[in-house]
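Below is one structure, written out as structure tokens; the observations come after it.
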Amino acid sequence: MFDLGLREIQLMQKAFFPMLIRGIQYTIPLSLVSFAFGIVLAVLTALAIINRVPVARQIARVYVWIFRGTPLLVQLFIVFWGICSPLGISKWAAAVIAFSLNVGAYAAETIRAAILSIPQGQWEAGYAVSMSYSKVFRRIIAPQAAKVSIPPLMNTFISLVKDTSLASTIMIGEMFRRAQEFAASSFEYFWMYVEVAFIYLIFCSILNGVQKLLEKKLRVGM
């Protein structure tokens with residue numbers, strides 16, 4: 001089963017580009033869309049907790065507690081089978097909702113910590129020149145918090161790219177689902193999964209390179 005012969009090599013050559021294309025067509029867009037929605041949710045959640053907004057703060061804390069304390073696969077199944085499927089919502093939308101909620105919960109803690117790391121004097125300086133809360137946050141706090149939070153948020157995004165493989169469990173034809181199809185038709189499960197793991201490694205290595213460039217640029221800009 002683990003012998004790499006001519007048949008296995010030919011099969012891997014045949015499967016490589018179809019899986020890579022699925023990754024470009026489905027895995028990366030699913031990751032980007034889910035991450036974008038997740039970051040918006042994370043910012044709102046972090047601000048609700050920091051500013052002690054009545055009711056909203058408690059809802060935000062419960063949300064973070066639930067989605068950080070339960071497996072992503074379980075969340076995906078609950079969203080798809082329990083909510084979206086009965087309502088006729090597409091499986092793509094269900095995956096985006098589940099991944100966004102999961103990312104939002106983890107990223108909220110990252111963003112909250114980044115905002116709290118900014119000295120209180122920065123807020124007071126903004127208020128001293130008659131700036132409103134929103135202006136202080138947008139012009140002074142947010143840019144500094146972004147520099148602090150971007151590296152860990154990039155780690156979250158890289159993890160999300162790998163986690164999108166779970167979308168195959170609700171029949172979304174992303175990269176890992178394509179690998180499963182090749183494996184089922186050829187009975188070469190081991191080599192197909194090794195190959196798709198290699199493609200995920202390529203994607204994540206590129207993203208790691210982007211992360212290092214961002215971190216270098218942020219250090220220079222500080």
Side-chain angles (χ1 to χ4, degrees), residues 8 11-45 63-64 66-108 110 153-208 210-211:
E8 288 77 15
L11 178 62
M12 293 175 73
Q13 289 175 336
K14 178 182 177 181
F16 181 80
F17 283 106
M19 288 193 293
L20 180 64
I21 291 171
R22 285 292 182 91
I24 295 172
Q25 289 180 332
Y26 290 92
T27 301
I28 297 302
L30 180 59
S31 301
L32 288 171
V33 173
S34 299
F35 188 73
F37 282 121
I39 291 300
V40 172
L41 184 57
V43 171
L44 296 175
T45 302
Y63 155 63
V64 171
I66 291 174
F67 280 87
R68 283 170 60 92
T70 56
L72 175 55
L73 181 59
V74 175
Q75 297 166 15
L76 180 61
F77 277 15
I78 290 174
V79 170
F80 178 65
W81 295 109
I83 301 173
C84 292
S85 184
L87 295 177
I89 299 174
S90 71
K91 54 190 176 183
W92 174 269
V96 170
I97 292 170
F99 292 139
S100 298
L101 288 170
N102 185 269
V103 167
Y106 281 92
T110 299
L153 288 178
M154 276 297 298
N155 288 332
T156 300
F157 180 68
I158 292 171
S159 295
L160 176 61
V161 171
K162 294 178 287 185
D163 288 341
T164 55
S165 61
L166 295 176
S168 64
T169 60
I170 58 173
M171 305 303 172
I172 290 180
E174 46 71 63
M175 186 164 62
F176 187 67
R177 180 65 183 174
R178 193 71 180 106
Q180 289 178 313
E181 293 169 355
F182 274 111
S185 62
S186 65
F187 298 100
E188 289 293 344
Y189 293 92
F190 176 76
W191 292 113
M192 287 298 96
Y193 293 152
V194 166
E195 185 166 37
V196 76
F198 176 70
I199 298 174
Y200 276 110
L201 184 61
I202 292 174
F203 285 161
C204 292
S205 296
I206 293 172
L207 292 172
N208 275 320
V210 173
Q211 179 180 0

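Everything numeric in this text was worked out from a predicted model, so none of it was measured.
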Practice task
Indicate the atoms forming the closest heavy-atom contact of G104 with A42, along with that distance.
Solution key: O-CB, 3.5 Å

Handout entry: Whether over 12 other heavy atoms sit under 6.0 Å from F37 CZ
Key = no

Handout entry: Test item: L20 and F203 side chains (from C-beta on) under 4.5 Å apart, heavy atoms
Key = yes

Handout entry: F99 and F35 aromatic centres sub-6.0 Å
Key = no

Handout entry: Donor-acceptor pair, side chain of S34 and main chain of S31, under 3.5 angstrom
Key = no

Problem - A179 versus M19, closest heavy-atom pair with distance - result: CB-SD, 3.4 Å

Problem - NZ/NE/NH1/NH2 to OD/OE distance under 4.0 Å, E174 and R177 - result: no

Exercise for the section: Ignoring hydrogens and angles, tell me if any N or O in the side chain of Y63 forms a donor-acceptor pair with the backbone of A105 under 3.5 Å. Expected result: yes

Fill in the blank from the handout: Between A94 and F80, the two heavy atoms sitting closest are CB-CD1, 3.6 Å

Practice task
Would you name the heavy atoms of K91 and I170 that are closest together and state the gap between them?
Solution key: CD-O, 3.4 Å

Handout entry: M175/Y26 under side chain to side chain contact (heavy atoms under 4.5 Å, CB included): CA gap, chis, key distance, verdict
Key = CA-CA 7 Å; M175 186 164 62; Y26 290 92; over 6 Å; no

Handout entry: Any side-chain heavy-atom pair of L11 and W191 under 4.5 Å
Key = no

Exercise for the section: Please say whether more than 12 non-hydrogen atoms of neighbouring residues, nucleotides or ligands are located less than 6.0 Å from CZ in F198. Expected result: no

Problem - Any F176 side-chain heavy atom under 4.5 Å of L166 side chain - result: no

Problem - Heavy-atom pair of closest approach, residues I39 and A107 - result: CD1-CB, 4.1 Å

Problem - Aromatic plane relationship, Y189 with F187 - under 30° parallel, 30 to 60° tilted, over 60° perpendicular - result: perpendicular

Practice task
Decide side chain to side chain contact (heavy atoms under 4.5 Å, CB included) for L30 and W92; before the verdict, give the C-alpha distance in whole Å, the side-chain angles of both, and the deciding distance to 0.1 Å.
Solution key: CA-CA 8 Å; L30 180 59; W92 174 269; 3.7 Å; yes

Handout entry: Atom of A98, atom of L72 and distance for their closest heavy-atom approach
Key = O-CD1, 4.3 Å

Handout entry: Under 3.5 Å: donor-acceptor pair, side chain of Y200, backbone of V161
Key = no

Problem - Whether N208 side chain and C204 backbone form a donor-acceptor pair below 3.5 Å - result: yes

Practice task
Report the C-alpha distance between I66 and Q75 in whole Å, list the side-chain angles of each, state the deciding distance to 0.1 Å, and finish with yes or no for side chain to side chain contact (heavy atoms under 4.5 Å, CB included).
Solution key: CA-CA 10 Å; I66 291 174; Q75 297 166 15; over 6 Å; no

Handout entry: Derivation and outcome, side chain to side chain contact (heavy atoms under 4.5 Å, CB included), residues Y106 and F67
Key = CA-CA 8 Å; Y106 281 92; F67 280 87; over 6 Å; no

